[in-house]
Amino acid sequence: MKSRKKRPRPKPPRKVRPKPRPARSEVKPNPSLPPPAPPAGPLIRTFTPQPPPPGLTTGIRSPGNRPPQPTASVLRPMGEVLPAVRVAAAGRKREVSALVLAAGMGKRMQSRDSKLVHPLAGRPMVRHVVDAARAADVARTVVVIGNQADEVRRAVGDSDKRIGFAYQQDQKGTGHAVLCAERQLAGQQGDLLILNGDLPALRPETLRGFVEFHRQSRAPLSILTTVVPDPRGYGRVIRNYGGDVSRIVEESDATPEERATQEINCGIYCVDAANLWKPLRRARADNTQGEIYLTDLVEILKHDGQKIAAWRHPYPTEVLGVNDRRELAAAARVLHRRKAETLMRDGVTILDPETTYIDVDVRIGQDTAIEPGVMLLGETVIGREVRIGTGCRIEGSVVGDGTTILPYCIIAAARIGRACRVGPFAHLRPESHLDDEARVGNFVETKKTRLGRGSKANHHAYLGDTEIGRNVNVGAGTITCNFDGVAKHRTIIEDEVFIGSDTQLVAPVRLCKGAFIGAGSTITRDVPSNALAVSRAPQVVKEDWVKRFGPAARNHRDGGTRKD
Ligand code: UD1
Ligand code: CA
């Protein structure tokens, strides 16, 4: 092992000592040391929240309003925390690109769909990886697609010009997948991050740290490894007596002795682009799976006398590939847990993070409290000082400051203003829009409906395709009959209308400002401003009718023989 230290320069004055080069032992993991146990608390200490996109109106005072942190810490093997170095600011200015392998099917998932498009925490699996690379400031990302190419391409999204695609016709292995991207990456100088597409929990901070490690190692190839108690299914990292990585062996090609190795290959590589294509073309499919393995690059470079650097990641949960549904659930849990940690750190109360599922793209303002068993999905935006009751599921919606959502509400693609009260048991379907201070109570369903400021529908109602003005009272049991069997029609309810209970509004119909609808009415024609409309039959009262004609009287008349 070369551990020769640089001799001090002839006579530098003591205080201007040359910057020490990283000692070999710093960049080489020490195989004799076990990795630290995962932390009990947050796995992630260095997550930097994303600033919200401009133009959102919920008034969230989000952490994004803080000045951006210029650096983040990166986790080093053995759990040390180093000050971060931004990739672009590293010693040698080299470009970093990323190659994401996403052409495989993922058979162990037992699914009709490619493994890479399975959603978790609000994004398709492969997009987590592409987004992590992008957030780590890579100059360009190429995604290798093949199986269900269109779906995977769509899952990645093709609006970003810095993302390109390469096509792998037949899935002949990870090494072959990389070679399929040669044309797209030809001429690319600097470093290339190669990432399996099934690593949804991978963080940009880790990628940055890994690239930095790779540069310091001066090896043409660095691999990211981790140690797990049960390494089944993963490629094992084989080291020689000196502790250097000598090769990676897939489980099906491994000897029993090799299989016992608990250090696994994570499918995260950083390679000097100049040292990739030619050596990789030498990889042969002479293994049990008959595939061209990317992992063979280790042995090939080793054979050429090159050094392979390995960065041992201390927390396996971040870097374990997802192959089946069990691992999918485990990765989703990591993402939800991480999101909850970030939100709590930024001033959101989450009573029970274990049962709260908040997708990665959800944003929540300070002093909002979330009760157990809540799901906040998609790009939902929740304001400040909101309370969300247990059992709510809110997807792709906006909730304004100071609003209370009582337990068990289902809300999708809705906009709810400030200081509203919703639920319990309300169902706000797409295009429901509540202005400030509106109220929707239990067993109320709305769809394509706007409820004006201060208006209320407190109990048992269906409001569909309806425009409701300000300070309207919608009585219990009000139903808009918006569908005539062929088409949907609109109901317009102007400001200050009062609708008595158990009313049917047969659309199209308009209730003009200040109109008053008597309870139990079926309204089929427009009601003018300030008018009363009532359509029920007049009440009939017959004195002593029960005594004369009631059941007892009838039974007596039939000679007392009736039983029913
Ligand atoms: C791979 C590694 C293994 C490592 C594990 C980590 C190889 C040979 N083995 O195994 O050492 O421990 O990842 O999770 O690399 N893909 C393609 N085209 C192909 C084959 C695969 O694009 O022809 C893509 C897949 O879509 C996937 C990634 O490459 O995103 C990894 O493939 P997968 O089949 O999951 O590899 P593993 O067998 O898990
Ligand atoms: Ca895998």
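In listed order, ligands and their atoms are each counted from 1.
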Side chain to side chain contact (heavy atoms under 4.5 Å, CB included) between M105 and Q148, intermediate numbers included
CA-CA 8 Å; M105 182 64 189; Q148 301 196 343; 4.1 Å; yes

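Only side-chain heavy atoms of A177 come within less than 4.0 Å of ligand 1; its backbone N, CA, C and O stay farther off. The proximity of Q168 to ligand 1, defined as any non-hydrogen pair under 4.0 Å, is limited to the side chain. If you look at N147 next to ligand 1, there are no close heavy atoms at all, none under 4.0 Å. Neither the backbone nor the side chain of L199 comes within 4.0 Å of ligand 1, counting heavy atoms alone. Within the 4.0 Å heavy-atom criterion, neither part of E251 lies near ligand 1. Using a 4.0 Å cut-off between heavy atoms, K172 contacts ligand 1 through its backbone alone, with no side-chain atom that close.
Remark: ligand 1 and N265 share an N or O pair separated by less than 3.5 Å (distance only, no angle test). The shortest N/O to N/O separation between G173 and ligand 1 falls below 3.5 Å. Considering backbone and side-chain atoms alike, G233 places every N or O at 3.5 Å or more from each N or O of ligand 1. Any N or O atom pair closer than 3.5 Å counts here, and G235 shares at least one such pair with ligand 1. For Y293, no nitrogen or oxygen atom sits less than 3.5 Å from a nitrogen or oxygen atom of ligand 1, counting backbone and side chain alike. The shortest N/O to N/O separation between V144 and ligand 1 does not fall below 3.5 Å. Among the atoms of E250, some N or O lies under 3.5 angstrom from an N or O of ligand 1. Polar contact with ligand 1: present for G197 (N/O pair, distance under 3.5 Å). For a threshold of 3.5 Å applied to N or O pairs, the pair formed by L101 and ligand 1 contains at least one separation below that value.
For the residue pair E318 / T206, a side-chain donor-acceptor distance below 3.5 Å is found, with atom types taken as modelled. Under the 3.5 Å distance criterion, with hydrogens and angles disregarded, no donor-acceptor pair is assigned to the side chains of E250 and N287.
Distances below 4.0 Å separate heavy atoms of C266 from the following atoms of ligand 1: 6 (C). Within ligand 1, counting atoms from 1 as listed, the ones closer than 4.0 Å to a heavy atom of T295 are 7 (C), 8 (C), 11 (O), 15 (O). Short contacts between ligand 1 and K115, defined as distances under 4.0 Å to a heavy atom of the residue, involve ligand atoms 35 (O).
Counting only non-hydrogen atoms, the option in Q171, M109, R108 that gets closest to atom 37 (P) of ligand 1 is R108.
Evaluation of the ring-ring contact (aromatic ring centres under 6.0 Å, His included) test over residues 142-173, restricted to residues two or more places apart or in two chains, returns none.
When each of E258, R236, K302, R239 is tested with R247 by the rule side-chain contact (heavy atoms from CB on, under 4.5 Å), just one qualifies, namely E258. Checking R282, K278, E299 one by one against D304, the side-chain contact (heavy atoms from CB on, under 4.5 Å) holds for a single residue, R282.
The shortest heavy-atom distance from K107 to ligand 1 is not under 4.0 Å.
What you find for P314 and P316 is that their closest heavy atoms are O-CD, 3.3 Å.
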Can you give each donor-acceptor pair under 3.5 Å made by side-chain atoms of residues 374-382, sequence neighbours left out, with the distance rounded to 0.1 Å?
| from | atom 1 | to | atom 2 | distance (Å) |
| --- | --- | --- | --- | --- |
| T380 | OG1 | L377 | O | 2.6 |
| T380 | OG1 | G396 | N | 2.9 |
| T380 | OG1 | S397 | N | 3.3 |

